[in-house]
**Student:** 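Got a structure for you, questions after.
Heavy atoms only: backbone and side chains are in, while hydrogens, waters and symmetry mates are out.
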Amino acid sequence: MEKVLIAIALDKNGNLAKTHFGDADFIQYIQMENGEITFSEKKENILKNFNEEKHGGHGKMKFAAEVLQDVKIVISGAMSPNFKRLKTNANLYPIVSKKDLENTIQYLKDNLQKIMKFFSGKENLVYFIE
């Protein structure tokens with residue numbers, strides 16, 4: 001399988017953020033290829049400081065698409081108003097995970113092909129990991 005760059009929303013303690021992706025403290029980038037995961041960089045989430053006119057506005061979604069331009073999958077612990085728009089407007093694959101960071105990453109390793117197939121359907125906008 002091709003290389004897939006994944007952005008995971010983290011809280012200040014390095015756990016999977018239970019907030020919207022754009023409200024998380026950090027973004028952990030990981031790359032997955034042939035079932036192997038490589039941790040890339042961890043950056044402060046500049047989306048958090050975006051001054052939006054209203055919550056869930058299109059401006060923040062467009063900014064997120066720019067910030068995440070090389071990313072294919074974005075993961076957070078909560079659904080945001082823009083999460084569904086990421087797939088249709090930016091071809092990003094949003095995932096909401098209720099698992100902790102370690103188990104979310106393991107789930108990705110075990111199910112990446114299933115996730116990619118899910119998003120091949122136009123009507124499938126957000127994938128949920130329970």
**Student:** Which residues satisfy the side-chain hydrogen bond (donor to acceptor under 3.5 Å, both in side chains) test with S97, sequence neighbours excluded?
**Tutor:** T104
**Student:** Kindly write out the residues that satisfy side-chain contact (heavy atoms from CB on, under 4.5 Å) with K114, not counting sequence neighbours, or none if the list is empty.
**Tutor:** Y107, N111, Y127
**Student:** Looking at CD1 of I95 and CD1 of I129, how far apart are the two atoms once the value is rounded to the nearest 0.5 Å?
**Tutor:** 5.0 Å
**Student:** What's the spacing between L92 CG and I73 CD1 if we round to 0.5 Å?
**Tutor:** 10.0 Å
**Student:** Roughly how far apart are I75 CD1 and K99 NZ, rounded to 0.5 Å?
**Tutor:** 12.5 Å
**Student:** Indicate yes or no for a side-chain donor-acceptor contact from N13 to the backbone of N15 under 3.5 Å, with no hydrogens or angles considered.
**Tutor:** no
**Student:** List in chain and number order the residues that pass salt bridge (Lys or Arg N to Asp or Glu O under 4.0 Å) with D100, two or more places apart in sequence or in another chain; answer none if no residue qualifies.
**Tutor:** none
**Student:** Could you list the residues that satisfy ring pair (Phe, Tyr, Trp, His ring centres under 6.0 Å) with F83, not counting sequence neighbours?
**Tutor:** none
**Student:** Find the distance between CG (L108) and CD1 (I115) and round it off to the nearest 0.5 Å.
**Tutor:** 5.0 Å
**Student:** Can you sort out the partners of F26 under ring pair (Phe, Tyr, Trp, His ring centres under 6.0 Å), two or more places apart, ordered by chain and number?
**Tutor:** none
**Student:** Heavy atoms only: give me the nearest L68-A7 pair and the separation to one decimal.
**Tutor:** CD2-CB, 4.0 Å
**Student:** Taking side-chain hydrogen bond (donor to acceptor under 3.5 Å, both in side chains) as the test, write out the residues that go with Q31, two or more places apart.
**Tutor:** none
**Student:** Could you state the interatomic distance from CD (E41) to CD1 (I27), rounded to the nearest 0.5 Å?
**Tutor:** 10.0 Å
**Student:** Using modelled atom types only, decide if a donor and an acceptor are shared between the side chain of K72 and the backbone of N91 within a distance under 3.5 Å.
**Tutor:** yes
**Student:** Return the set of residues passing salt bridge (Lys or Arg N to Asp or Glu O under 4.0 Å) with E36 (not counting sequence neighbours), or none when no residue passes.
**Tutor:** none
**Student:** Sequence neighbours left out, what passes side-chain contact (heavy atoms from CB on, under 4.5 Å) with F128? Give chain and number order.
**Tutor:** M79, V96, V126, E130
**Student:** Find the distance between CD (Q28) and CD1 (I6) and round it off to the nearest 0.5 Å.
**Tutor:** 11.0 Å
**Student:** Does any N or O in the side chain of S76 come within less than 3.5 Å of the main-chain N or O of T19, such that one atom is a donor and the other an acceptor?
**Tutor:** yes
**Student:** Got P94 and K84 here, is their nearest side-chain heavy-atom distance under 4.5 Å?
**Tutor:** no
**Student:** Would you please name every residue forming a side-chain hydrogen bond (donor to acceptor under 3.5 Å, both in side chains) with D25, sequence neighbours left out?
**Tutor:** K48
**Student:** Run the side-chain hydrogen bond (donor to acceptor under 3.5 Å, both in side chains) test against Y29 and tell me which residues pass, sequence neighbours left out.
**Tutor:** none
**Student:** What are the two closest heavy atoms between F119 and L125, and how far apart are they?
**Tutor:** CE2-O, 3.6 Å
**Student:** Run the side-chain contact (heavy atoms from CB on, under 4.5 Å) test against D70 and tell me which residues pass, sequence neighbours left out.
**Tutor:** L5
**Student:** Which residues satisfy the side-chain contact (heavy atoms from CB on, under 4.5 Å) test with I37, sequence neighbours excluded?
**Tutor:** I30, M32, F39, I105, K109
**Student:** Without swapping roles, check the side chain of N124 against the backbone of K117 for a donor-acceptor pair under 3.5 Å.
**Tutor:** no
